[in-house]
*Asks:* 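Shown below is the structure under consideration.
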Protein chains: 2
Amino acid sequence: MSTAGRGLHGRVLDTLGPAITAGEYPPGSVLRTDELAQRFDVSRSVMREAVRVLESMHLVESRRRVGVTVRPKAEWNVYDPQVIRWRLAGADRPRQLRSLTVLRSAVEPVAAALAAKNASAEQCAELTQCALGMVANSRGHKLEEYLVHDVAFHRVILAASGNEMFARLGDVVAEVLSGRTHHDVMFEDPDPAAVTLHVQVAEAVRAGDATRAEELTREITVGALQELDILAP
Amino acid sequence: MSTAGRGLHGRVLDTLGPAITAGEYPPGSVLRTDELAQRFDVSRSVMREAVRVLESMHLVESRRRVGVTVRPKAEWNVYDPQVIRWRLAGADRPRQLRSLTVLRSAVEPVAAALAAKNASAEQCAELTQCALGMVANSRGHKLEEYLVHDVAFHRVILAASGNEMFARLGDVVAEVLSGRTHHDVMFEDPDPAAVTLHVQVAEAVRAGDATRAEELTREITVGALQELDILAP
DNA sequence: GACACAAAAAGTCAGACTTATTTATGCCAG
DNA sequence: CTGGCATAAATAAGTCTGACTTTTTGTGTC
């Protein structure tokens, strides 16, 4: 996955992208194309292509006579899937995971409400399949199988909302869920209450009950927030 | 604004980007770098940089021996500000505006709730200033002045939430509000009820009342949805 | 049907040249 | 001597060209 070896400029990005997003170069740092080309042992043309990509992500700004300057974090295109992956792979992974989980808590309930209104018969069936798959793997250390169905479930909800902006957050949710299972807090088996909620959401969507689907999904996301101790009582 | 004349490759993107996002090239269409370079009268190096940028936006995919193929809309990085601008400038502007408004309706209430908890004294003051500016320009055909304060208001809310993902949606909200004033439905003067709601949100945030700030903001975004006839009663 | 060959297009590189921008210089006036 | 302004130099990105490499696909032959 990720940029992969898609050409030499991809290799350069694989090390330069994570370095910048990790904050190794403070905002305002100046890099020179020629120097970078030497450092990575590539031609200037290749390095220029890499810089152009970083520039399109608003990670850097290239100006004549001054060089390639690193932009402050506040200007980065933090919704770029590549940037998200780089940051999740880096040191501030926990902070990133929190931001994304909060975003989920805002978006998914609304998406579920829309899905209840717009989901096709196929999508309803798929949703039920996913929920059943979660139930089937909710006990007995089958975390990987559970994760697959969990990710699929949320992807279907977001896609069924009919809103393309929501649909494109499927990858983000997948990263968050995957991260929770693989790196962060994840108990032996998933919370049975959460599993039940997913089943109920599938039912609500099939029944076309937008309010109920939204409320149930909100409970799911609240649970995700609590797992990360995001809560001000 | 936008990519501007930032080099020759920027010029190329200014016409190629809008063309692709407008759907002029159906998904799967094949472009050849050399041909494009000739068409735009630039060198292959410049053309390659432009293609790299389009590739990083997931608008196209470059493969050896086959060429530069246009990706299906579902794979585009629709959160890229540049892509958003291109699409807003094109034919499916109405659809795009609807998608973004729905996104707003999901995000802004949650952001307001967080802002009530996290906003600094300066941000509270700024928020009140914006609300007052909206009131002052709510009557007498001062739409431009009103817009400025409206945009600033929502930017402060999103920034004060303390969540970077929310904060980066400031530009998106600005585009939506600006679009509403300049191109789409906008009555002689803003809805007085909406103006009042903004003032009340500012008060709620200052008072630290998260629930009230969230509910009031939800009313604002519901109004925005109604303006675009997004409602299934 | 398997394998080898040929064509096509992107990918890479090296070097020369252009252009914009910043900084330093130097001149004249106050 | 100092301040400001025009001019010149230095610098790094930007651009172009042409030759070469590599990968992938399609084709044709055995």
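Here is how names work: the chains are called A, B, and so on, in the same order as the sequence lines, proteins then strands, and each is numbered from 1.
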*Asks:* With respect to the phosphate group of D:dG14, does any side-chain polar atom (N or O) of A:R52 fall under 4.0 Å of OP1 or OP2?
*Replies:* yes

*Asks:* Can you tell me if B:R44 touches the phosphate of D:dG18, counting only side-chain N or O atoms and a distance under 4.0 Å to OP1 or OP2?
*Replies:* no

*Asks:* Between B:R6 (CZ) and C:dA20 (P), how many Å, whole number?
*Replies:* 14 Å

*Asks:* When the distance from CG of A:D41 to C1' of C:dA14 is rounded to whole Å, what number comes out?
*Replies:* 14 Å

*Asks:* Can you give one letter per nucleotide of nucleotides 3-8 of chain C, 5' to 3': B if a protein heavy atom sits under 4.0 Å from the base, S if only from the sugar-phosphate, - if neither?
*Replies:* ----BB

*Asks:* Quick check for you: to the nearest 0.5 Å, what is the distance between B:R168 atom CZ and A:K73 atom NZ?
*Replies:* 12.5 Å

*Asks:* Give the rounded distance in Å between these two atoms: NE2 of A:H9 and P of C:dT12.
*Replies:* 8 Å

*Asks:* Starting at atom CD of B:E61, determine the distance to atom C1' of D:dT24, rounded to an integer number of angstrom.
*Replies:* 13 Å

*Asks:* Please tell me if the side chains of B:Y146 and B:T181 come closer than 4.5 Å, counting only heavy atoms from C-beta onward.
*Replies:* no

*Asks:* Assign the ring pair A:Y79 / B:Y79 to parallel, tilted or perpendicular, where the plane angle (0 to 90°) is split at 30° and 60°.
*Replies:* parallel

*Asks:* Given C:dG11, is OP1 or OP2 found less than 4.0 Å from the side-chain N or O atoms of B:S62?
*Replies:* yes

*Asks:* For B:L16 and B:M47: C-alpha separation, side-chain torsions, deciding distance, then whether side chain to side chain contact (heavy atoms under 4.5 Å, CB included) applies.
*Replies:* CA-CA 11 Å; B:L16 201 50; B:M47 196 62 208; 3.7 Å; yes

*Asks:* Report the C-alpha distance between A:L103 and A:V107 in whole Å, list the side-chain angles of each, state the deciding distance to 0.1 Å, and finish with yes or no for side chain to side chain contact (heavy atoms under 4.5 Å, CB included).
*Replies:* CA-CA 6 Å; A:L103 178 65; A:V107 166; 4.1 Å; yes

*Asks:* From CZ of A:R64 over to C1' of D:dA10, roughly how many Å is that when rounded to an integer?
*Replies:* 15 Å

*Asks:* Check the distance between D:dT21's C1' and B:R48's CZ and give it to me in whole angstrom.
*Replies:* 13 Å

*Asks:* If each of A:G67 and A:S45 is mapped to the nucleotide of DNA chain D with the nearest heavy atom, which maps nearer the 5' terminus, i.e. the 5' end?
*Replies:* A:G67

*Asks:* Strictly by modelled atom types, are A:H154 and A:H198 linked by a side-chain donor-acceptor pair under 3.5 Å?
*Replies:* yes

*Asks:* Closest-nucleotide mapping onto DNA chain C: is A:V66 or A:S43 further toward the 5' terminus? I mean the 5' end.
*Replies:* A:S43

*Asks:* Assess whether a salt bridge exists between A:E145 and A:K142, defined as any Lys/Arg side-chain N lying under 4.0 Å from an Asp/Glu carboxylate O.
*Replies:* no

*Asks:* At under 4.0 Å, does any side-chain N or O of B:R63 touch on OP1 or OP2 of C:dA10?
*Replies:* no

*Asks:* Find the distance B:E49:CD to C:dT12:P and express it as a whole number of Å.
*Replies:* 13 Å

*Asks:* How close or far is atom P of C:dC13 from atom CZ of A:R11, stated in whole angstroms?
*Replies:* 12 Å

*Asks:* Does a nitrogen or oxygen in the side chain of A:T33 sit under 4.0 Å from OP1 or OP2 of D:dA13?
*Replies:* yes

